K.L.:
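This is the structure I want to talk about, given as structure tokens.
So that the names make sense, note that chain A is the first sequence line, chain B the second, and so on, each numbered from 1. None of the values given here were measured: they were computed from a predicted structure.
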Amino acid sequence: MPTNAEAAETFRAIADLLDVLGERFKPEAYRRAARSIDTLTEDLAAVAARNELRSIPGVGDAIEAKLREFLATGRIDYLERLRREVPPGVAEILHLPGLGPKTARRFWTDLGVEGPAELRAALDAGRLDGQKGFGPKKIAQIRAALDAAAGGPPSARLPIEEAYPIAHRIVRALREGAGADRVEIAGSFRRGRETVGDLDVLVASRDPERAFDVFSTLPDIREVRLRGGTKETAILARGLQVDLRVVDPSSFGAALQYFTGSKEHNVIVRTRARDAGLRVNEYGVFRGETRIAGATEEEVYAALGLAWIPPELREGRGEVDAATAGPLPALVTADDLRGDLHVHLEAAADAAAVERLLEEARRRGLAYLGLVAEGVTAPDGRSASPNRRWRRRCGPRRPASGSSASPRSTRPGRLRVR
DNA sequence: GCCGTTTTCGGCCCGACTGTTTTCAGTCG
Ligand SMILES: Nc1nc2c(ncn2[C@H]2C[C@H](O)[C@@H](COP(=O)(O)OP(=O)(O)OP(=O)(O)O)O2)c(=O)[nH]1
Ligand SMILES: [Mg+2]
Ligand SMILES: [Mg+2]
């Protein structure tokens with residue numbers, strides 16, 4: 001049975017090919033469906049079994065049928081047909097940063113370029129020189145993008161827990177060095193997604209240049225990809241992209257709303273606003289030329305007749321409708337945690353370390369803690385009882401409950417559980 | 001291709017940056 005991720009990937013492939021064929025709106029429709037599948041919290045097969053695929057935002061008749069075909073056969077005939085129409089390398093060109101559907105299509109149809117290797121050959125032969133829209137800088141950009149792509153695939157999405165320390169280093173540097181009123185991580189990180197494709201950092205400041213200077217000289221910046229008056233994009237040494245946006249403090253709420261997304265959420269919010277005769281952008285909510293909100297997220301949503309929406313819900317899955325009816329449900333927070341059953345003791349941990357852990361747990365309002373001590377079994381398996389080993393290692397404090405698992409020397413692969 | 005407290009047809013968010021352009025197209029967030 002194909003996974004949700006494979007289904008989403010397949011729809012993105014369809015979107016790419018439709019894009020280079022010059023279709024309008026359809027590629028976005030397929031991408032929207034793909035992102036919607038990304039945010040699903042159960043298997044597509046389960047949704048299909050309940051006959052509820054159509055309830056997924058962005059899934060209509062045509063995409064539902066393709067989803068069913070994919071779940072049943074692992075392939076989509078429509079995609080196979082598109083693949084026969086478009087050489088595979090053309091989609092690779094589309095994926096080069098800075099190049100898009102218009103350019104990939106033009107290379108393919110005008111120059112007969114069907115992949116990265118042919119594109120490089122065309123560049124070397126000077127076949128792009130004099131082409132309308134291709135000056136020396138653009139040509140250099142394309143060459144650099146080809147070189148980067150030859151060095152390996154673009155870096156994958158990062159689990160959010162791996163993004164945390166990186167994000168906090170950047171935030172600290174900007175808070176300390178950039179004279180910023182506020183610094184927040186927005187984007188998928190703030191929405192609490194399991195993985196992030198990049199880091200989106202928002203700064204409130206009247207001095208963007210100072211923030212950009214601090215940011216550009218962070219130790220692990222590999223490359224600054226673009227820099228203007230309000231935003232900068234850089235790539236970190238490990239390949240992670242960081243987008244920095246700087247706005248005036250009076251726009252901070254609107255900018256945080258914009259930069260937190262998701263894109264689907266933003267489009268729904270902005271469409272509603274437009275229907276109500278308003279305009280929403282990253283600077284505020286406007287009636288005509290008059291700004292009626294902007295400093296805080298609460299006032300931005302309130303100006304649109306909406307309750308504030310927790311970032312974790314901003315995926316375009318009905319939360320905006322729910323926010324018209326009144327406040328949204330309070331989400332579970334770290335304060336709601338009653339205990340932690342997965343705490344590993346470090347190898348050197350002793351009784352004092354256990355006491356420190358308990359103290360920290362109490363400080364966090366936890367009622368219980370599950371501790372795991374590894375590697376405390378004597379190799380012959382005939383050591384003292386688990387209770388005795390626990391006391392030797394962790395001191396006199398008695399666990400409320402406990403168990404021990406050790407390899408059985410006489411029956412390889414089996415555990416002795418006490 | 002999707003969708004509907006204006007619509008079942010006709011729209012589909014809004015703005016920044018770059019390179020190339022003399023007013024804008026393409027790409028991206
Ligand atoms: N209004 C609007 N906002 C957008 C659009 N694209 C991106 N944004 C906003 C919402 C996004 O959450 C935010 C950051 O963009 P990203 O491309 O980094 O997306 P996001 O962080 O949501 O996901 P990611 O994990 O980076 O793939 O910028 C767009 O097309 N329109
Ligand atoms: Mg992001
Ligand atoms: Mg981003």
Side-chain angles (χ1 to χ4, degrees), chain A residues 11 14-15 18-20 22-36 53-67 78 93-107 128 130-142 144-145 186-188 196-202 208 212 224-234 241-247 251 254-286 304-305 316 318 320-321 324-325:
Chain A
F11 283 130
I14 292 175
L18 290 172
D19 239 342
V20 293
E23 285 280 356
R24 295 176 29 84
F25 300 109
K26 274 197 206 186
E28 260 317 291
Y30 279 97
R31 287 199 185 93
R32 175 167 175 227
R35 283 193 297 266
S36 208
L53 288 174
R54 284 291 311 267
S55 73
I56 300 170
V59 176
D61 281 338
I63 291 185
E64 176 187 17
K66 291 180 177 68
L67 266 176
Y78 183 54
I93 291 176
L94 176 69
H95 292 139
L96 295 173
L99 301 195
K102 295 285 197 297
T103 314
R105 177 177 175 76
R106 221 179 119 193
F107 287 162
L128 261 68
Q131 289 273 332
K132 188 151 173 284
F134 290 94
K137 288 190 176 177
K138 188 68 129 284
I139 286 174
Q141 273 180 3
I142 295 171
S188 50
V196 299
D198 67 1
L199 286 174
D200 303 290
V201 186
L202 178 65
F212 292 150
V224 173
R225 195 155 276 178
L226 59 85
R227 173 172 170 169
T230 74
K231 69 184 222 182
E232 171 167 342
T233 293
Q241 176 170 324
V242 184
D243 293 321
L244 177 65
R245 188 78 200 255
V246 183
V247 296
S251 291
L256 187 58
Q257 193 285 323
Y258 149 71
F259 218 21
T260 298
S262 65
K263 178 186 171 185
E264 281 68 29
H265 177 83
N266 287 356
V267 170
I268 291 167
V269 166
R270 290 171 178 210
T271 304
R272 272 186 68 97
R274 174 205 264 268
D275 290 347
L278 302 171
R279 188 172 95 255
V280 175
N281 56 32
E282 61 266 55
Y283 302 109
V285 181
F286 296 84
L304 302 172
V320 178
D321 284 341
T324 58

K.L.:
Is the backbone N or O of A:Asp321 less than 3.5 Å from a side-chain atom of A:Thr324, with the two atoms forming a donor-acceptor pair by type?
P.N.:
yes
K.L.:
Scan A:Lys137 against the nucleic acid and name what it touches under 4.0 Å (heavy atoms): base, sugar-phosphate only, or nothing.
P.N.:
sugar-phosphate
K.L.:
Could you note down all residue pairs passing salt bridge (Lys or Arg N to Asp or Glu O under 4.0 Å) where residues 93-105 of chain A supplies at least one of them, sequence neighbours left out?
P.N.:
none
K.L.:
Can you give me the first and the last nucleotide of DNA chain B (5' to 3') that has an atom within less than 4.0 angstrom of a non-hydrogen atom in chain A?
P.N.:
B:dG1 to B:dG29
K.L.:
Before you tell me yes or no, could you show the steps for A:Glu232 and A:Arg225 under salt bridge (Lys or Arg N to Asp or Glu O under 4.0 Å), namely the whole-Å CA-CA distance, both residues' side-chain angles and the distance that decides it to 0.1 Å?
P.N.:
CA-CA 8 Å; A:Glu232 171 167 342; A:Arg225 195 155 276 178; over 6 Å; no
K.L.:
Side chains of A:Gln241 and A:Asp243 only: does a donor on one sit below 3.5 Å from an acceptor on the other?
P.N.:
yes
K.L.:
May I ask you to say what A:Asp243 touches in the nucleic acid, namely base, sugar-phosphate or nothing, with a heavy-atom cut-off under 4.0 Å?
P.N.:
sugar-phosphate
K.L.:
Base, sugar-phosphate alone, or nothing: which one does A:Asp275 contact when heavy atoms must sit under 4.0 Å apart?
P.N.:
base
K.L.:
Have a look at A:Arg24 and say if it touches a base, only the backbone sugar-phosphate, or nothing, with a 4.0 Å heavy-atom cut-off.
P.N.:
nothing
K.L.:
Base, sugar-phosphate, or nothing: which does A:Pro27 touch, judged by heavy atoms less than 4.0 Å apart?
P.N.:
nothing
K.L.:
With a 4.0 Å cut-off on heavy atoms, is A:Gln141 in touch with a base, just the backbone sugar-phosphate, or nothing at all?
P.N.:
sugar-phosphate
K.L.:
Paired with B:dA25 by Watson-Crick or G-U wobble geometry, both distances under 3.5 Å: which nucleotide is it?
P.N.:
B:dT18
K.L.:
Quick one: label A:Thr233 by what it contacts on the DNA or RNA (base, sugar-phosphate, nothing), any heavy atom closer than 4.0 Å.
P.N.:
nothing
K.L.:
With a 4.0 Å cut-off on heavy atoms, is A:Glu28 in touch with a base, just the backbone sugar-phosphate, or nothing at all?
P.N.:
nothing
K.L.:
Over all strands shown, is A:Gly187 touching base, sugar-phosphate only, or nothing at heavy-atom distances under 4.0 angstrom?
P.N.:
nothing
K.L.:
Would you find a donor on one side and an acceptor on the other, under 3.5 Å apart, between the side chain of A:Thr103 and the backbone of A:Leu99?
P.N.:
no
K.L.:
Select base, sugar-phosphate, or nothing to describe what A:Glu232 touches, counting heavy atoms under 4.0 Å on all strands.
P.N.:
nothing
K.L.:
With sugar-phosphate meaning primed atoms plus P, OP1 and OP2, does A:Lys132 contact a base, only sugar-phosphate, or nothing at under 4.0 Å between heavy atoms?
P.N.:
nothing
K.L.:
Looking at every strand, decide which applies to A:Leu99 at a 4.0 Å heavy-atom threshold: base, sugar-phosphate, or nothing.
P.N.:
sugar-phosphate
K.L.:
Heavy atoms under 4.0 Å, any strand shown: does A:Val269 hit a base, just sugar-phosphate, or nothing?
P.N.:
nothing
K.L.:
Hey, can you pull the residues of residues 254-262 of chain A with a non-hydrogen atom under 4.0 angstrom from DNA chain B?
P.N.:
A:Tyr258
